[in-house]
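Numbers restart at 1 for each chain; the letters A, B, ... are given by sequence-line order, proteins then strands.
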Protein chains: 2
Amino acid sequence: MNTKPKKLSSVDIARLSGVSQATVSRVLSGSDGVKAATKEKVMQVVKAHGYRPNAFAQAMRTNQSAAVGVAVSRVTNPIVPEILEALTRSFTAKGRRVVVWNTDENGQDGLISAIRSGLVDGLVFTAANQQSEAAKAAHEADMPLVSINRSFDELDCDQVVSTNHQGAFDLADYLVKCGRKKVAFVNGPKDRTTLADREQGFREGLRAAGITPDPDLFFSRPFKDNAFRQLGMDIFGADNPPDAIACGNDLIAIQIMNGLKAAGCRVPEDIWVVGFDGIEMAGWDIISLTTVQQPIELMANNAATFLLDRIEGKRTETETIQYRTELKVRETTGFTPAP
Amino acid sequence: MNTKPKKLSSVDIARLSGVSQATVSRVLSGSDGVKAATKEKVMQVVKAHGYRPNAFAQAMRTNQSAAVGVAVSRVTNPIVPEILEALTRSFTAKGRRVVVWNTDENGQDGLISAIRSGLVDGLVFTAANQQSEAAKAAHEADMPLVSINRSFDELDCDQVVSTNHQGAFDLADYLVKCGRKKVAFVNGPKDRTTLADREQGFREGLRAAGITPDPDLFFSRPFKDNAFRQLGMDIFGADNPPDAIACGNDLIAIQIMNGLKAAGCRVPEDIWVVGFDGIEMAGWDIISLTTVQQPIELMANNAATFLLDRIEGKRTETETIQYRTELKVRETTGFTPAP
DNA sequence: AGCAGAAATGTATACGTATTCAATAATATT
DNA sequence: AATATTATTGAATACGTATACATTTCTGCT
């Protein structure tokens, strides 16, 4: 074991290259007004020692952390990693670090604390429930804020959403047009605006197609204890089961299918199933779930751009942008793709 | 729009509560030697203004960031979010923030830069390829390091792994004992030690069971372009296909099954398929993949503990801990669970 | 009451950087 | 060549916190 390498500072670099600390700072921040030869000399030393400026000192001095936060919940929903990956790609491409908070565990205290302590320059909220303490805290702290796949009624911030209402409306229409007579809708907790919007759209779609929504066919369950799997079994086990089940999102649909399969129900022969989100695995051959697809990558990119522009002061007006969803018909509604 | 709230500092809190800045600092860091009444008074002001110490100033002063990094790659492999969630749970429960780096995109530059600039106090590496610049940089920077589900030959750091070799060995034995005559093995890039170990174990398991591994039945593909789906189609389409396909991990197995299904092959009637990892969705009824399960939650917790102990200087010797894997037999190898 | 010692608080400083302002070196102008 | 101008560089400072050290305020004891 050799002696501790002793972390270098810009002062050390300055000494080693025979210039002042200020000059080192100028070289590293790429400001002009520094002679090419000097820059060269300093960079040489920097490279040689693998020196990097202390991020915290930088952050403190500039009041900019170069990091953005992403608040997620329900990571087990596969759409979350998909959003996360797209966001991360966008942000890191633009030189920002990404700090992720899972607001399931430990509540939102950690996130709120992080907001107040200035750890991030901005924040993206992904689909979750409405009344968010953290969002309020961020707003009060005057922190740039973007919501993706979720709408805040009270909070004035940029929002990137998809046509949840219309997509569900069209979905209902599709099912009825295809001759489904008895259509159920399975949803998660309705304090999630995304889920609530979809259910509302679906109801209206049914009515528009001439069917009065039957309250007994609208279900809501929490995201735990395998509730949706159990529900799938129950639905198939009941007398006179529906001939189609639409779900608030793809994960719900998959869990419903688990229950159906466990109960011996064949999809689509006995019951059709459709989801909403368009997660990647919905397209897998072994799942082949009909769903309403959102352009996740686009939405995430847009959210990232919104946030960064706002952080950099390029935008002041808040804006809501809505992306068009697309119905993807697959095998769970009887459509067999060409081989 | 009201006037800017003007971020408060400990100096402001001190002034507002009629004490010195040092006392404010003492109150907030919970050090004793502060009169109860004073503490009360200060906390009152702190609460009233929602003040939180500036994390960067704190980090700079203490040389501790209170954050740990997690380096991941291939986020699209569902095991990654599972590991991530478990790690996050552990770390946040212990008061640490988690910063995630995806080393797929943008290479490892961002991560290396973060290491050198002191952004995190420690780092967890999850399964990826062997020759990691970032790991080397971390080691050089004298940063605590833990690898999970991956082994470094060269680097001296704590490691949390599972019995990849033995698990695969037993798996081969199981398949042969069940009467499979012609067993293929499909793997990803073998610079991932985890995948390499499994393949090696599988080979030896076959031999031990009296079967000479046939080089034509060992496949390796990159994680892109749907290569495994294509391979699944090709394998079933070939003359005299195998009667079982073992895979380097669950995601590969699922993609192989996609290809098999697309080619009209029934699992398990025509071909058995087994995976490795034990991701959650392998247990779903609609997938029901036989696999070798790792105790991900335990492994993640252990990794977190290792890292924190090392950061806090409680450990000096590096250690490798190996968790036992467990064969989970499901429908893709013909076993139908009780209803 | 007086004093020693402990408890509580205040003062001063350092962390590593970016930046303002002053000083110097280089260049252009006459 | 002398001066005006500009291009570089250096010195000094502030950011917000934690902590070593100095100082003050309490306590208990004789």
Please report, rounded to the nearest Å, how far the [atom2] atom of [N] is from the [atom1] atom of [X].
X: A:Asn54; N: D:dC15; atom1: CG; atom2: P; result: 18 Å
X: A:Arg15; N: D:dG10; atom1: CZ; atom2: C1'; result: 17 Å
X: A:Arg26; N: D:dT9; atom1: CZ; atom2: P; result: 8 Å
X: A:Arg61; N: C:dT17; atom1: CZ; atom2: C1'; result: 7 Å
X: B:Leu28; N: D:dT17; atom1: CG; atom2: P; result: 9 Å
X: A:Arg52; N: C:dG16; atom1: CZ; atom2: P; result: 16 Å
X: B:Asn63; N: C:dG16; atom1: CG; atom2: P; result: 7 Å
X: A:Met60; N: D:dG16; atom1: CE; atom2: P; result: 8 Å

- Please determine, for the side chain of A:Gln21, which listed nucleotide (D:dG10, C:dT11, C:dA18) has the closest atom?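 Taking heavy atoms from C-beta onward, the closest nucleotide is C:dA18.
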
- Message: From C-beta outward on B:Thr23, which listed nucleotide comes closest to its side chain: C:dG10, D:dT19, C:dT17?
- Response: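 Looking only at side-chain atoms, B:Thr23 lies closest to C:dG10.
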
- Message: Could you tell me if the side chain of A:Met143 sits less than 4.5 Å from the side chain of A:Val120, heavy atoms only?
- Response: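 A side-chain contact under 4.5 Å exists here.
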
- Report yes if the side chains of A:Asp158 and A:Leu307 come closer than 4.5 Å at any heavy-atom pair, otherwise no.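 The answer is no, as the side chains (C-beta and beyond) never meet within the 4.5 Å cut-off.
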
- Roughly how far apart are B:Phe223 CZ and B:Leu195 CG, rounded to 0.5 Å?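 Here the interatomic distance stands at 5.5 Å.
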
- Once you round to the nearest 0.5 Å, how far does CD of A:Gln21 lie from OG of A:Ser9?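 These two atoms lie 8.0 Å from each other.
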
- Without swapping roles, check the side chain of A:Ser117 against the backbone of B:Ala55 for a donor-acceptor pair under 3.5 Å.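 No; judged by distance alone, with no hydrogens or angles, the pair does not exist.
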
- Would you check if the side chain of A:Asp121 reaches a backbone N or O of A:Ala66 as a donor-acceptor pair within less than 3.5 Å?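 A pair under 3.5 Å: yes.
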
Can a side chain N or O of [X] be found less than 4.0 Å away from OP1 or OP2 on [N]?
X: B:Tyr51; N: D:dT17; answer: yes
X: B:Ser20; N: C:dT9; answer: no
X: A:Gln58; N: C:dA18; answer: yes
X: A:Ser25; N: C:dT17; answer: no

- Message: Can you pull out the residues from residues 32-41 of chain A that lie within a 4.0 Å heavy-atom distance of DNA chain D?
- Response: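 Heavy-atom contacts with DNA chain D come from A:Gly33, A:Val34, A:Lys35, A:Thr38.
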
- Query: Contact class for A:Val19 vs. all strands (heavy atom < 4.0 Å): base, sugar-phosphate, or nothing?
  - Reply: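 Sugar-phosphate, backbone atoms only, no base.
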
- Query: Across the strands shown, which category fits B:Ser9 at heavy-atom distances under 4.0 angstrom: base, sugar-phosphate, nothing?
  - Reply: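 The answer is sugar-phosphate, as B:Ser9 gets under 4.0 Å only of primed atoms, P, OP1 or OP2.
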
- Query: So, for A:Lys7 and B:Gly118, which heavy atoms are closest and what is the spacing to 0.1 Å?
  - Reply: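 Answer, listing the atom of A:Lys7 first, then B:Gly118: NZ-N, 4.1 Å.
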
